[in-house]
Structures are given as C-alpha cells and as structure tokens.
Amino acid sequence: MRISPIRIPTVSNDIDWDFCFHLSQQTKVPAHQQTDDLYPTSGSEESEEDSDAMDKTLDCLYLPREKLVQSQKKAAQLIKEKMNTQASKELIRCAILSRIIFGEEHWKSAQALASLAYGYLTLRGLPAQAMKHAESAKNTLLTWKGKLTTDKEKKEILDALVMLYYTLGVVWLLQNQYPSFPSGIEAYFNLQRAERNMKELKEFYKGGVCGLQVSEKDLMVALGRASLAMHRLNLALVYFKKAVGNVVATKGDRTSDLVTLYEEMAQIEQLRRNHYQAIQYLQQAHSLCVSLFTDVSPQTAEASALLAKAYAMSGEARHMDVAEIYFIKSISAYQTTLGPEDCETLMAIEEFYKWFIHHREKEEAYRLIKSSLKFQVISYGNWSEKVAETYYNMGKICFAKGDLRKAIRLLRKCLMIQILLYGSEHRKSRDTKNVLTLLQRATNRSSRWRRKATPGRRGSTCQVTEA
C-alpha cells in the first residue's frame, strides 16, 4: 500500500514551516509498517523477530502522540512566558504532528491549524500567514461541525471556530488601514460568525465559558472596531459598552483593561461630536491611570494629553484653561518619566504649541517650540523630517509676528534639510521654496520703500502722485 506524502500548506518565505516539517519527518510511520503485519491474523505463535518488529512499529505509532502532547504543553508555557517566536515554532510542530496522527481531513488537524493561524496573528503579527492557515482549516472544521460528534468534540470544534473567525476578522480589519470599505464589511461578517459560535458554545456551558483562546472582551472590541471601520458609530459604541461590562464582571472596575476601552469610546463620541461624553470617558481613564500607575507615569501622561485635546476640541471658552493645565501635566509627566528627548515627550510638546498657534498665542508657541528644538536634534538628528517641520513652524510664527528676516532664515534651514531628504523637486521642498520666494519679495519691496522714504538721507525721494 503506497501512502502519498502529507501536503502542508505553506506561505512564501515561511521558513518556520520548512524547518519544523523536516524535524517531524522522523516521526512518520513507514508505509510498509502500516499494513496488516501490524495486527497478524494467521498463526498463534510469534518469532522473536516478529515481536521486535511489532514493538518498533508500536513505538513509531506512539511517538508522534507523545511528541504532540509535549509540544502542546510547551507551546502553552512559552505563550505564558511571552516567548513568541519559540511558541510559534511549537504551534507549527503541533500542526504537523496532528496531520501525521489524525490525517489531513480530521478536525483535530484543522484545530491545530486554527491555533497556528491565531498564533501567527497575535504572537508574531503576521496577518498574511494567519489568513492562509485559517482559510485552510475553515472547511474541515465546518464539515465536522455538521457531523454527529460527541459533546466534548463539538465544544472543541466550536472553540476552534471562534478562534478561526476571530483571526480572519482581525486580519481583514488590519487591511482596513488602507481605507477600503469592503474590508470593514468582511471583518464584521467574520467576527459576527465568531460571535454566533461563541453563543453556541455558551449554551453547552450553560451561560458561562472560560479557558477560551479568544475572550468575549477581545471579540466585542474587534466587533466595535469593525463597526467603526464601516462608519456605524452607534453600533461600535454598543460593542465597546459590552466589552466594558464584560471586563467589569470578570476583573472589577479598577483594572487597566478599562483604560484603553474608555479612550476608544471617547474617540467614537468625538466622531459623533458629543464632546461632553468624550470628556467624561477620558476623565474615567485618567482617574484609573492615576490610581493604578501614580500621577507621574507614562500612562497618566498619555491620558492627560488625550484629555487636554478633548477639552480643546470642545471649542468652549470655559474649557481652554483646563486644556492648558492638562497639556502641561502631560508634558511634565513625560519629561519626568521618559526624559525631555523622548519621542512621546516631543509629540506632546508639538500638540501643545499647535494649540497655542491655533489660539493666537504666538509668543508662547515660539518659546515652547524653540525649547524643544535641541531635544529633537538629539532624538531625530540634525537632518531629520521632524527638525525640518520645527524650523518650518518657527518660520510661520515669525512671519505671523511680522519678523520677516527671521522667518526667511528659519525657512532656509528647513528647505536645506528637505532638499537633502527628498530632493529639490519634492512637493514639500517646492512648497517651502515658494513660501520663501514670496517672503523674500515682500522683504525686498519693504526695503526699497524704506530707502525711498527715510528722511535726511542723501538722494532720498518721496514720490507724490498727482490727483
């Protein structure tokens, strides 16, 4: 009996598959040992050679099963220890060993592939590989789900389907960062299927499920983001509220998991132009950060920055002073915990001086931006895009104040960096050059007029237009 080789679906450049597949070849049962010789039907006596052959064959059969159990335990431990690359390799071994033991069309092989797909997404951040393996497992799991299986098997199949559809949904959601409305819809449909399978699983467990790879909170958050990608803001808010309810029920109302949920809910409220409610959510996030991480921490600094922007976005005069207070708190916390040259600190300062410019506080904006310039040079380098942008903004402020010569000097520095980074024909370089040309013309006209109109100067004239 000739056995065809096991087909392993691969992804281009997926070297882990090849590496672990070759390792597993030693566990394959040779074809000549999978015949009736394994279970002799004729003769009641066995020679020593026959007995030895049978022992070796049984060893070959049990070895893959033992290795599978070991790999499953090792993968779980590595995931717990956040050793993601090693855990991913163990998941690959599990998938290969499952196919060797159960065959390509068995639900346990598909279950192992679904776990591998989920691992590629959550442990390695490789959505292409995740989608490939999830699609490979889908039809097999759906076929077995429809068959008559035991309750225990059905629970495992449903768990695998939740994981599989969650993986597919999140992969489609990641593709939505290149705005494409259909990918948001695909994400939502796959996540809905995951939700339906989770509800079916709950019926087996009579209401509550635990120990699943995909938590109910993670699924609700993904559905909320998919709804947001489809611009269904009200629906997105519903899912995020469900996620908050789930976290409070399982972990209480003083957990860091709630911080990101409140922040995302605030963003949705801002899109709905409900600034008051957005501020309420961000105040809750800020309060949690202060109690969990102290008043001076990167987490509290970020929460303060978001709260400052929320107050600023409201457009209400009574909120302007509060916005300034939270901007200052954020910058101070970042400088204390991360240092003045850290990217997060510099981004907070950038938001603050843009806010000053918007409210025509030119002197304060210029003072703030100038104080951050030396730290930008340390963080990004003299010839960086960020430093060029800073020179450009300083030039704009000087122009608005009427200091044209200083504006020209700063814009020249900006242009020099832009030409070095992008070339003289790049849009940014051309735009800066055009602004610089206009300023230089305005300065020349102003200089000529002053020379003509200066009293007491030899040869000065004052042109009078006759009526």
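We use all heavy atoms of the structure for the numbers below, so side chains are in, but hydrogens, waters and symmetry mates are not.
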Measuring from [X]:[atom1] to [Y]:[atom2], what's the distance to the nearest 0.5 Å?
X: R412; Y: L439; atom1: CZ; atom2: CG; value: 10.0 Å
X: I79; Y: L91; atom1: CD1; atom2: CG; value: 5.0 Å
X: K108; Y: L113; atom1: NZ; atom2: CG; value: 14.0 Å
X: L237; Y: K242; atom1: CG; atom2: NZ; value: 12.0 Å
X: Q111; Y: L161; atom1: CD; atom2: CG; value: 10.0 Å
X: L346; Y: F375; atom1: CG; atom2: CZ; value: 8.5 Å

Polar side-chain atom of [X] near backbone of [Y] as donor-acceptor pair, under 3.5 Å:
X: N84; Y: L123; value: yes
X: Y118; Y: Q213; value: yes
X: S109; Y: G103; value: yes
X: R99; Y: E104; value: no
X: S71; Y: K67; value: yes
X: S424; Y: I419; value: no
X: D218; Y: V214; value: no
X: T336; Y: V296; value: no
X: T167; Y: A117; value: no
X: T255; Y: K251; value: no

For this session: Taking only Lys NZ, Arg NE, NH1 and NH2, and the carboxylate oxygens of Asp or Glu, determine whether E156 and K145 approach each other closer than 4.0 Å.
Result: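 Between K145 and E156 there is no salt bridge, as every charged N stays at least 4.0 Å from the carboxylate O atoms.
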Quick one: salt bridge (Lys or Arg N to Asp or Glu O under 4.0 Å) pairs with a partner in [range], sequence neighbours left out?
range: residues 264-282; value: R225-E264, E269-R272
range: residues 386-398; value: E350-K386
range: residues 303-315; value: none

Problem set entry | L411 to V435 - nearest heavy-atom pair and separation |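 Heavy-atom minimum between the residues: CD1-CG1, 3.9 Å.
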Exercise. What's the shortest heavy-atom distance between A303 and C289, and which atoms?
Worked result: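 Closest approach of A303 to C289, heavy atoms only: CB-SG, 4.1 Å.
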For this session: Would you check if Y353 and R367 make a side-chain contact, meaning some heavy-atom pair closer than 4.5 Å?
Result: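 Not in contact.
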Exercise. Does the side chain of I185 reach to within under 4.5 Å of the side chain of M230, using non-hydrogen atoms?
Worked result: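 Yes - at least one pair of side-chain heavy atoms lies under 4.5 Å apart.
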Over 12 non-hydrogen atoms of neighbours within 6.0 angstrom of [atom1] in [X]:
X: K401; atom1: NZ; value: yes
X: K74; atom1: NZ; value: no
X: F399; atom1: CZ; value: no

Could you give the side-chain donor-acceptor pairs of residues 318-329 under 3.5 Å, partners two or more places apart or in another chain?
{"residue": "R318", "atom": "NE", "partner": "E316", "partner atom": "OE1", "Å": "2.6"}
{"residue": "R318", "atom": "NH2", "partner": "E316", "partner atom": "OE1", "Å": "2.8"}
{"residue": "H319", "atom": "ND1", "partner": "S314", "partner atom": "OG", "Å": "2.7"}

Exercise. Side chains of N393 and T390: donor-acceptor distance under 3.5 Å anywhere?
Worked result: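 N393 vs T390: no donor-acceptor pair found between side chains.
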For this session: Check the side chains of E81 and Q77 for a donor-acceptor pair under 3.5 angstrom, ignoring hydrogens and angles.
Result: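 There is such a pair (donor and acceptor under 3.5 Å, judged by atom type) between the side chains of Q77 and E81.
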Problem set entry | Sequence-distant partners of K199, side-chain contact (heavy atoms from CB on, under 4.5 Å), two or more places apart |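 Applying side-chain contact (heavy atoms from CB on, under 4.5 Å) to K199 gives E195.
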Problem set entry | side chain to side chain contact (heavy atoms under 4.5 Å, CB included) between L116 and C94, intermediate numbers included | CA-CA 8 Å; L116 177 60; C94 290; over 6 Å; no
Problem set entry | From CA spacing to verdict: side chain to side chain contact (heavy atoms under 4.5 Å, CB included), Q284, L288 | CA-CA 6 Å; Q284 287 178 276; L288 275 172; 5.7 Å; no
Problem set entry | Derivation and outcome, salt bridge (charged side-chain N to carboxylate O under 4.0 Å, His left out), residues K202 and E216 | CA-CA 11 Å; K202 277 183 176 180; E216 194 170 356; 2.8 Å; yes
For this session: I would like to know whether T143 and T140 meet side-chain hydrogen bond (donor to acceptor under 3.5 Å, both in side chains); could you show each step before the answer?
Result: CA-CA 5 Å; T143 302; T140 303; over 6 Å; no
Exercise. Would K154 and E200 count as a side chain to side chain contact (heavy atoms under 4.5 Å, CB included) if you check the C-alpha gap in whole Å, the side-chain angles of each, and the deciding distance to 0.1 Å?
Worked result: CA-CA 10 Å; K154 194 154 188 179; E200 203 172 331; 4.0 Å; yes
Exercise. With sequence neighbours left out, which residue pairs that include part of residues 259-284 fulfil the ring-ring contact (aromatic ring centres under 6.0 Å, His included) condition?
Worked result: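 Sorted result for residues 259-284: empty, none.
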Exercise. Does the side chain to side chain contact (heavy atoms under 4.5 Å, CB included) test come out yes or no for M198 and L158, once each step is laid out?
Worked result: CA-CA 7 Å; M198 186 174 276; L158 286 170; over 6 Å; no
Exercise. Pick from T260, L282, L258, V244: which one makes a side chain to side chain contact (heavy atoms under 4.5 Å, CB included) with M265?
Worked result: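 Single side chain to side chain contact (heavy atoms under 4.5 Å, CB included) partner of M265 among T260, L282, L258, V244: V244.
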For this session: Using the side-chain hydrogen bond (donor to acceptor under 3.5 Å, both in side chains) rule, take H286 and S304 through it: C-alpha gap first, then chi angles, then the decisive distance, then the call.
Result: CA-CA 7 Å; H286 184 268; S304 296; 3.1 Å; yes
